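Residue numbers begin at 1 in each chain, while the letters A, B, ... track the order of the sequences. On a predicted model such as this, the values are computed, not experimentally measured, just so you know.
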Amino acid sequence: MHDLAAFRKEVDAYARRLAARGFVLDVDRFRELDEARRKKLAEVEELRALRKRESAEIGKLRKAGRDATERQLKVRQIGERISALEAEAKQAEEAFRDFMAGVPNVPHESVPAGGSEADNVELKRWGAPPEFDFEPKAHWDLGPQLGILDLERAAKVARARFAVYWGAGARLERALITFMLDVHTSEHGYTEVLPPFLTNSAALFGTGQLPKFAEDLFKIQDEDLWLVPTAEVPVTNLFAKEILDAASLPVKLCAYTPCFRSEAGSYGKDVRGIIRQHQFQKVELVKFTRPEDSYDELEKLTADAEHILEKLGLPYRRVVLCTADLGFSAAKTYDLEVWLPGQGTFKEISSCSNFEAFQARRASIRMRRAGGKPEFVHTLNGSGLAVGRTWVAIVENFQQKDGSVLIPDALQPYLNAEVLGADGRLW
RNA sequence: GGAGGGAUGGCCGAGCGGUUGAAGGCAGCGGUCUUGAAAACCGCCAACGGGGCAACCCGUUCGUGGGUUCGAAUCCCACUCCCUCCGCCA
């Protein structure tokens with residue numbers, strides 16, 4: 001959601017910036033809806049002011065023991081007109097709000113212009129892709145071979161695009177979650193939270209998944225509850241409708257949750273293996289900052305996510321998304337892409353964004369400086385990291401010729417092992 | 001699921017249907033005092049929307065949505081959430 005006063009004042013500038021990300025703002029429609037709404041509002045308010053004055057007069061008359069029947073009749077008629085006008089005003093307000101709710105955030109000035117994801121810009125690379133003296137396998141071959149990944153049985157108990165991890169595979173997933181949370185809390189200063197895995201629609205509106213992207217979500221039947229597509233939703237909304245002390249910012253939270261996505265519209269993409277699943281595990285980083293600090297904090301948050309990859313020795317690159325590839329709520333996004341030898345490509349493993357005040361306005365997350373007025377905070381979040389894809393990256397990057405997988409040093413204490421043997425056991 | 005109690009400003013908390021946007025306290029801000037700080041004392045302090053260059057004016061908001069009334073924080077109905085007790089249960 002945008003700052004209405006600013007938006008109204010500079011609609012054309014907003015339209016230009018929105019066009020850069022491929023969104024066509026209907027400026028005429030905006031003006032029409034905005035003016036209609038304000039006109040109705042003014043009418044209603046004028047009548048309400050009149051009624052207020054008249055009612056007070058009646059109060060005085062009656063206190064003085066005088067008759068006010070005539071005035072009462074008159075005010076009753078005003079009341080009827082108010083009711084009628086209120087209904088119209090409400091309708092105009094809703095039409096306007098629906099319109100605004102569908103307008104995405106505008107890209108930050110530092111975001112490269114582009115027409116598609118092909119225009120995203122690589123900013124850095126870390127680590128060298130491993131060299132193999134054999135043909136490296138993809139995880140969808142290696143996992144089942146080791147007996148640690150089972151997609152057939154997952155489809156039996158759920159459906160396609162779910163996974164069952166067995167033995168060392170399950171342990172590896174769990175170790176990664178704990179490892180990531182430990183690093184973020186003890187080395188990067190985040191506070192761990194364990195939020196609900198279901199949220200209501202107000203929370204999803206706050207972060208921007210609703211109303212536009214309902215088809216990407218799983219919903220509980222007959223309840224106002226949805227499975228979380230990312231911990232961003234429950235964690236960002238933790239402070240919805242609150243006013244934080246500016247001195248307490250930035251607030252840095254990290255959370256593990258499973259994430260549930262219907263993946264409607266992604267048919268044919270990443271069909272093999274566990275790259276794209278209806279359920280996956282993720283450790284998420286969320287920050288609430290003062291507006292002037294948010295871009296510095298985005299750099300730090302992204303570096304925090306990168307630190308996990310570096311500790312695990314996984315080669316990756318950082319990409320800044322171009323205007324066309326930006327998500328609905330984001331003003332700027334860095335994607336971290338990990339090298340996957342089985343597929344010979346970099347694959348997104350983390351997405352770190354600054355939403356500026358876009359989510360804060362939708363969810364009403366504010367702060368107050370000493371003695372000042374409430375101001376909207378800036379919100380940020382990023383994966384730190386997607387656990388399932390980290391699992392894939394480890395299995396594919398550290399595979400040996402015999403099918404065993406070397407465990408990165410940083411993870412060894414969590415698995416109490418140095419290698420995941422060709423027999424699927426940890427040694 | 002059953003019975004009862006509750007929801008008011010950043011926080012706590014009062015509030016006969018008619019200058020109540022709402023007492024009081026805490027916190028915050030400004031000042032007096034002090035070498036400085038604390039204490040004490042004085043003053044200021046809700047949010048959102050609309051209008052205006054501005055001073056300012058108007059409206060809305062006391063969990064949410066309806067209703068009664070000339071007029072609702074205050075009365076009625078429904079719902080949501082929280083607390084206590086009972087039942088069931090990881």
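Residues A:Ser55 and A:Leu4 both approach RNA chain B. Their nearest nucleotides, taken by heavy-atom distance, put A:Ser55 toward the 5′ side. Where A:Gly79 and A:Lys52 meet RNA chain B, the nucleotide closest to each residue was compared, and A:Lys52 sits on the side nearer the 5' end.
Computed from coordinates, the A:Glu80 CD to B:rU68 P distance equals 11 Å when rounded to whole Å. Spacing between atom CD1 of A:Ile243 and atom C1' of B:rA27 amounts to 14 Å, rounded to whole angstrom units. Going from atom NZ of A:Lys90 over to atom C1' of B:rG49 covers 17 Å, rounded to whole Å. The CZ atom of A:Arg368 sits 11 Å away from the C1' atom of B:rA27 (whole-angstrom rounding). At whole-Å resolution of the value, CZ in A:Arg8 and P in B:rG52 are 10 Å apart. Distance CD (A:Gln72) to P (B:rG71): 9 Å, rounded to an integer number of Å. As rounded to whole Å, 14 Å separates atom P of B:rA46 from atom CZ of A:Arg366. Atom CD of A:Glu46 and atom P of B:rC58 are 13 Å apart (whole Å).
A:Arg369 comes within 4.0 angstrom of nothing in the nucleic acid, heavy atoms only. Within the nucleic acid shown, A:Ala42 has no heavy atom closer than 4.0 Å to any nucleic acid atom. Counting non-hydrogen atoms under 4.0 angstrom, A:Lys373 reaches the backbone sugars and phosphates but no base. As judged by a 4.0 angstrom heavy-atom cut-off over every strand, A:Leu41 is placed among residues touching the sugar-phosphate backbone only.
To the nearest whole angstrom, the two P atoms, one in B:rG49 and one in B:rG10, are 15 Å apart. Here, B:rG15 and B:rG87 have their C1' atoms 38 Å apart, quoted to the whole Å. Straight-line distance between the C1' atoms of B:rC82 and B:rG43: roughly 38 Å, to the nearest whole Å. Remark: the separation of the P atoms in B:rA73 and B:rU20 is 13 Å, to the nearest Å. Taking the P atoms as reference points, B:rU69 lies 36 Å from B:rC12, given to the whole Å. Comparing the C1' positions of B:rG67 and B:rC48 gives a spacing of 26 Å, expressed to the nearest Å. As rounded to the nearest Å, B:rC29 and B:rG50 have P atoms that lie 30 Å from one another. Here the separation of B:rC70 from B:rC81, taken at their C1' atoms, is 35 Å to the nearest Å.
Side-chain nitrogen and oxygen atoms of A:Arg53 include none within less than 4.0 Å of the OP1 or OP2 phosphate oxygen of B:rG59. For B:rC70, the OP1/OP2 oxygens have no side-chain nitrogen or oxygen of A:Lys74 closer than 4.0 Å. An OP1 or OP2 oxygen of B:rG50 is reached within less than 4.0 angstrom by a side-chain nitrogen or oxygen of A:Arg37. Between A:Arg76 and B:rG71 there is no side-chain polar atom (N or O) within less than 4.0 angstrom of OP1 or OP2. At the phosphate of B:rC70, neither OP1 nor OP2 sits under 4.0 Å from any side-chain N or O atom of A:Arg71.
Distances were taken from every side-chain heavy atom of A:Arg62 (C-beta onward) to each of B:rG18, B:rG50, B:rA47; the shortest belongs to B:rG18. Ranking B:rC58, B:rC70, B:rG50 by closeness to the A:Ile58 side chain, first place goes to B:rC70. Minimum atom distance to the side chain of A:Val75 is reached by B:rC70, of the listed B:rG28, B:rC70, B:rG50.
A ring-centre distance under 6.0 Å is found for A:Phe179 and A:Tyr414.
Between A:Asp12 and A:Arg31 a salt bridge is recorded (basic side-chain N to carboxylate O distance below 4.0 Å). With respect to A:Asp34 and A:Arg38, a salt bridge is recorded, a charged nitrogen being found less than 4.0 Å from a carboxylate O. Salt-bridge formation is detected for the pair A:Arg29/A:Glu32: a Lys NZ or Arg NE/NH1/NH2 atom is positioned less than 4.0 Å from an Asp or Glu carboxylate oxygen.
Counting heavy atoms of neighbouring residues, nucleotides and ligands inside a 6.0 Å radius, atom CD of A:Glu215 exceeds 12 of them. Dense packing is recorded around CD of A:Glu292, with more than 12 heavy atoms of other residues, nucleotides or ligands lying under 6.0 Å away.
As the counterpart of B:rC29, B:rG43 is assigned, both hydrogen-bonding distances of the Watson-Crick or G-U wobble pattern falling under 3.5 Å. The partner of B:rG63 is B:rC79, judged by Watson-Crick or G-U wobble contacts that both fall below 3.5 Å. Base pairing of B:rA14 is not made with any nucleotide, judged by Watson-Crick or G-U wobble geometry with both donor-acceptor distances under 3.5 Å. With a cut-off of 3.5 Å on both pairing distances, B:rC89 has no Watson-Crick or G-U wobble partner at all.
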Could you pull out every donor-acceptor pair under 3.5 Å between side chains of residues 275-289 of chain A and any protein atom, sequence neighbours left out?
unit_1: A:Arg276; atom_1: NE; unit_2: A:Asp270; atom_2: OD2; d: 2.9
unit_1: A:Arg276; atom_1: NH1; unit_2: A:Glu263; atom_2: OE1; d: 3.3
unit_1: A:Arg276; atom_1: NH2; unit_2: A:Asp270; atom_2: OD2; d: 2.9
unit_1: A:Gln277; atom_1: OE1; unit_2: A:Ala163; atom_2: N; d: 3.3
unit_1: A:Gln277; atom_1: NE2; unit_2: A:Gly273; atom_2: O; d: 3.4
unit_1: A:His278; atom_1: ND1; unit_2: A:Arg261; atom_2: O; d: 2.8
unit_1: A:His278; atom_1: ND1; unit_2: A:Ser262; atom_2: O; d: 3.4
unit_1: A:His278; atom_1: NE2; unit_2: A:Arg159; atom_2: NH1; d: 3.3
unit_1: A:Gln279; atom_1: NE2; unit_2: A:Gln281; atom_2: OE1; d: 3.4
unit_1: A:Gln281; atom_1: NE2; unit_2: A:Glu173; atom_2: OE2; d: 3.1
unit_1: A:Lys282; atom_1: NZ; unit_2: A:Thr230; atom_2: OG1; d: 2.9
unit_1: A:Lys282; atom_1: NZ; unit_2: A:Glu284; atom_2: OE1; d: 2.6
unit_1: A:Lys287; atom_1: NZ; unit_2: A:Glu297; atom_2: O; d: 3.1
unit_1: A:Lys287; atom_1: NZ; unit_2: A:Glu297; atom_2: OE1; d: 2.6

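Not a single donor-acceptor contact under 3.5 angstrom links the side-chain atoms of A:Glu242 to the base of B:rG10.
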* **Stepwise side chain to side chain donor-acceptor pair (under 3.5 Å) test for A:Glu232 and A:Thr207** => CA-CA 8 Å; A:Glu232 164 193 353; A:Thr207 33; 4.8 Å; no

